[in-house]
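Below is one structure, written out as structure tokens; comments come after it.
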Amino acid sequence: MLRTPARRASVLVAAVSSLSLLTAGCGEGDAPADGDTATNAKNAEASPNAPTRTGLTVGFLPKQVNTPYFSVADQGGERAVKSLGSTFKEVGTDQGADATGQVSHINDLTKQEVDAIAVSALDPDALCDALKQAMEEGVKVVTYDSDTKPECRYAFVSPASAEDIAVRQLELLGEQIGYQGDIAILSAARTATNQNAWISSIKEELADPRYKDMRLVEVAYGDDEAEKSYQEAEKLLGKHGKLKGIISPTTNGIKAAAKYLSQSSYKGKVKLTGLGAPNDMRPYIEDGTVEAFLLWDPAKLGELAGHAAVALASGQITGREGQMFLAGDMGWFKLGENGVITLGDPTVFNSRNIDDYDF
Ligand code: RAM
């Protein structure tokens with residue numbers, strides 16, 4: 001790749017500083033593994049007091065563009081990146097299951113020599129080679145919302161722990177159906193890292209004695225597409241005559257399932273919960289199709305990802321557990337195991353509080 005002098009200089013600075021960081025890390029007896037950019041960098045010391053670099057370009061690559069959840073999240077990212085004196089750009093495809101499209105966008109961003117990429121991964125494996133290549137070229141990679149493998153990024157900005165998100169959805173449904181009956185899940189893309197993590201936690205949690213009378217009969221995939229999710233919801237109801245409830249851990253899925261239920265004879269009888277955006281779900285709370293669902297503030301998630309991307313590109317963090325960085329007004333955040341940065345607890349929305357939220 002041809003590099004501009006400025007880019008060469010920044011790569012050189014990065015190389016020199018990562019060399020000294022690595023040396024510092026080695027002094028503590030944790031020498032980096034050879035040949036793995038992310039592992040090497042994560043093992044490196046950060047310079048928490050390094051000045052925040054300005055004039056950077058940070059590329060956001062959501063799972064899907066032009067969808068409310070990611071529009072709000074990426075506006076948060078834009079706010080953070082601009083407030084730090086850098087340039088924000090968003091790229092992506094409008095499909096909810098196009099991991100190949102994400103790979104092309106990662107390669108393009110690398111060719112364009114962006115300083116950092118924030119990506120919500122549609123597939124933990126498919127993106128890895130492209131992300132590793134980006135990191136080789138000096139791009140700082142952070143995942144947000146949906147992770148890849150830890151060795152294919154430096155840090156992951158997670159809404160909350162996978163267990164919390166899963167367990168709370170199951171609890172909400174359990175309460176609504178009296179902890180009894182057949183249930184199904186309507187997910188997003190079959191490969192989505194975040195949904196799959198939540199689904200496996202739901203399955204584990206179902207082994208708890210209080211769920212002994214609840215049975216998961218099917219996991220369906222609507223690819224975060226409105227029409228496909230609507231049809232999958234309809235199929236679930238058609239196939240499973242005794243279905244008592246659906247969990248849809250995706251903003252697009254729950255909205256489509258709510259639309260279907262609200263127009264059907266199952267309205268109010270088959271319960272639906274999951275992860276939804278208050279503005280999408282307000283009509284279905286008002287018409288009694290849905291009692292309660294949860295989510296975090298996507299704007300805050302994006303904002304945190306923007307701050308994390310710039311902190312990585314400034315050398316203030318490297319992805320190692322225990323490091324801390326300041327995320328503007330949101331305060332200080334600490335990196336957990338495997339470079340995971342957690343936003344906080346999700347909020348439960350119902351008829352009592354939904355009008356307090358506007359996203
Ligand atoms: C959809 C996407 C996203 C997920 C939310 C809850 O918008 O699948 O990845 O975090 O739902």
Side-chain angles (χ1 to χ4, degrees), residues 60-77 90 92-99 101-102 118-124 126-127 142-148 156-166 168-170 172 185-199 201-202 219-226 228-230 232-233 246-258 272-281 290 292-305 340-349 357 359:
F60 267 62
L61 172 55
K63 276 182 176 178
Q64 192 180 17
V65 290
N66 300 328
T67 183
Y69 175 87
F70 282 110
S71 299
V72 174
D74 291 4
Q75 279 159 18
E90 186 198 55
T93 99
D94 59 8
Q95 306 293 305
D98 185 10
Q102 283 201 312
V119 53
S120 171
L122 269 168
D123 185 315
L127 273 51
V142 59
T143 45
Y144 71 112
D145 176 70
S146 181
D147 202 8
T148 174
F156 168 45
V157 176
S158 172
S161 81
E163 294 73 29
D164 282 354
I165 296 171
R168 297 196 59 188
Q169 291 177 80
L170 191 59
L172 277 183
I185 294 176
L186 173 62
S187 189
R190 195 175 283 273
T191 55
T193 328
N194 52 347
Q195 271 88 17
N196 285 343
W198 302 328
I199 292 167
S201 291
I202 288 174
V219 179
Y221 299 90
D223 287 348
D224 267 343
E225 305 291 349
K228 182 159 188 220
S229 303
Y230 183 98
E232 290 298 323
I246 299 175
I247 294 178
S248 187
T250 136
T251 56
N252 298 320
I254 194 173
K255 183 183 175 188
L272 170 66
T273 191
L275 304 176
N279 287 351
D280 283 347
M281 298 303 288
V290 174
F293 59 95
L294 49 123
L295 196 68
W296 45 91
D297 183 346
K300 294 275 173 225
L301 187 76
E303 205 173 321
L304 188 53
V340 177
I341 302 159
T342 305
L343 178 66
D345 286 339
T347 302
V348 174
F349 304 98
Y357 298 89
F359 61 86

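We count ligands from 1, going down the list as the structure has it; atoms in each ligand are counted the same way. Below, each value reflects all heavy atoms present in this structure, side chains not excepted, and no hydrogens, waters or symmetry copies.
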[X] side chain vs [Y] backbone, donor-acceptor pair below 3.5 Å:
X      : Y      : answer
Thr191 : Leu122 : yes
Glu90  : Gln75  : no
Ser248 : Leu186 : yes

Check: Asn252/Thr67 side-chain N/O donor and acceptor closer than 3.5 Å: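 Their side chains do contain a donor-acceptor pair, which is all the 3.5 Å distance test asks for.
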
No-hydrogen, no-angle side-chain donor-acceptor test under 3.5 Å, Thr193 and Asp147: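 Result is no, nothing qualifies.
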
Tyr144 and Phe60 aromatic centres sub-6.0 Å: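 That pair passes the under 6.0 Å test.
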
Put together the list of close N/O pairs, under 3.5 Å, between ligand 1 and the protein, could you?
residue, atom, partner, partner atom, Å
ligand 1, 7 (O), Thr251, OG1, 2.6
ligand 1, 8 (O), Lys63, NZ, 3.0
ligand 1, 8 (O), Gln195, NE2, 2.9
ligand 1, 8 (O), Asp224, OD2, 2.7
ligand 1, 9 (O), Lys63, NZ, 2.8
ligand 1, 9 (O), Asp145, OD1, 3.4
ligand 1, 9 (O), Asp145, OD2, 2.5
ligand 1, 9 (O), Asn194, ND2, 2.9
ligand 1, 10 (O), Tyr69, OH, 3.4
ligand 1, 10 (O), Asp145, OD1, 2.5
ligand 1, 10 (O), Asn194, ND2, 3.2
ligand 1, 11 (O), Thr251, N, 2.9
ligand 1, 11 (O), Thr251, OG1, 3.4

